[in-house]
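Single-structure report; data block below.
Heads up: numbering here begins at 1 and tracks the sequence.
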Amino acid sequence: MERSEDIRAKLEKLEHLFARGATPGERAAAGAARDRLTERLKSSADETETELQYSLPDVWAVQIFVALCRKHGIKPYRYPRQRRTTVMVRVRPEAFDKTVGAEFQALHAELVAYFKDTVDHLIDDAMRSNGDDENIEMALIGK
């Protein structure tokens with residue numbers, strides 16, 4: 001997630017490039033890039049920060065989520081008496097979903113697949129059986 005300071009720094013560099021552009025093509029390219037960054041800066045200023053609550057399924061998901069938030073400069077927090085699997089963040093929702101949200105979903109899917117493979121392997125080796133629940137006999141209640 002790009003912060004407005006980063007966008008402002010890029011904008012200043014483009015202003016200098018635009019001012020000293022030797023050819024009309026360089027000036028046009030610098031001007032177009034400057035306009036895109038200005039628009040991005042305006043749109044990021046328009047979108048206000050919102051407090052979001054995430055209820056995650058397990059402690060491993062919480063660890064991944066918190067690490068990703070910190071990686072992107074977002075400070076996760078929790079209110080008193082909230083569950084350990086609940087994480088609060090104050091962010092711009094659209095930008096957060098594009099960066100941290102997308103990255104979290106990919107990493108969490110990998111984590112779940114890894115746990116599934118590990119459990120299947122342990123069941124096969126330790127119990128010499130598979131854990132498929134498709135062939136479980138159904139008990140008839142009341143007969």
- request: List in chain and number order the residues that pass side-chain hydrogen bond (donor to acceptor under 3.5 Å, both in side chains) with Asp117, two or more places apart in sequence or in another chain; answer none if no residue qualifies.
  value: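 Applying side-chain hydrogen bond (donor to acceptor under 3.5 Å, both in side chains) to Asp117 gives none.
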
- request: Go through the structure and list residues passing side-chain hydrogen bond (donor to acceptor under 3.5 Å, both in side chains) with Asp120, not counting sequence neighbours.
  value: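 For Asp120, the residues satisfying side-chain hydrogen bond (donor to acceptor under 3.5 Å, both in side chains) (neighbours in sequence not counted) are Lys116.
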
task: Can you measure from CD1 (Ile74) to CZ (Phe96) and round to the nearest 0.5 angstrom?
output: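 CZ of Phe96 is found 5.0 Å from CD1 of Ile74.
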
- prompt: About how many Å separate CZ of Arg92 and CG of Asp97, when rounded to the nearest 0.5 Å?
  reply: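 Answer for the CG-CZ pair, Asp97 versus Arg92, is 14.0 Å.
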
- prompt: Can you tell if the side chain of Phe104 reaches within under 4.5 Å of the side chain of Leu56, non-hydrogen atoms only?
  reply: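 Counting from C-beta outward, Phe104 and Leu56 do come under 4.5 Å.
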
query: Who passes salt bridge (charged side-chain N to carboxylate O under 4.0 Å, His left out) against Glu103, sequence neighbours left out?
result: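 Once residues adjacent in sequence are excluded, the partners of Glu103 under the salt bridge (charged side-chain N to carboxylate O under 4.0 Å, His left out) criterion are Lys71.
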
Can you give each donor-acceptor pair under 3.5 Å made by side-chain atoms of residues 78-86, sequence neighbours left out, with the distance rounded to 0.1 Å?
| from | atom 1 | to | atom 2 | distance (Å) |
| --- | --- | --- | --- | --- |
| Arg78 | NE | Arg83 | O | 3.1 |
| Arg78 | NE | Thr86 | O | 2.9 |
| Arg78 | NH2 | Arg84 | O | 2.9 |
| Tyr79 | OH | Glu51 | OE2 | 2.5 |
| Gln82 | OE1 | Tyr79 | N | 2.8 |

Ignoring hydrogens, what is the shortest heavy-atom contact between [X] and [Y]? Give both atom names and the distance.
| X | Y | value |
| --- | --- | --- |
| Gln53 | Ser55 | NE2-OG, 3.8 Å |
| Cys69 | Val89 | SG-CG1, 3.9 Å |
| Thr48 | Pro93 | O-CD, 4.0 Å |

Identify all side-chain donor-acceptor contacts of residues 106-115 below 3.5 Å with residues at least two apart in sequence or on another chain.
none

Report, one line per pair, each donor and acceptor closer than 3.5 Å where one atom sits in a side chain of residues 57-64; sequence neighbours left out.
| from | atom 1 | to | atom 2 | distance (Å) |
| --- | --- | --- | --- | --- |
| Asp58 | OD1 | Trp60 | N | 3.2 |
| Asp58 | OD1 | Ala61 | N | 2.8 |

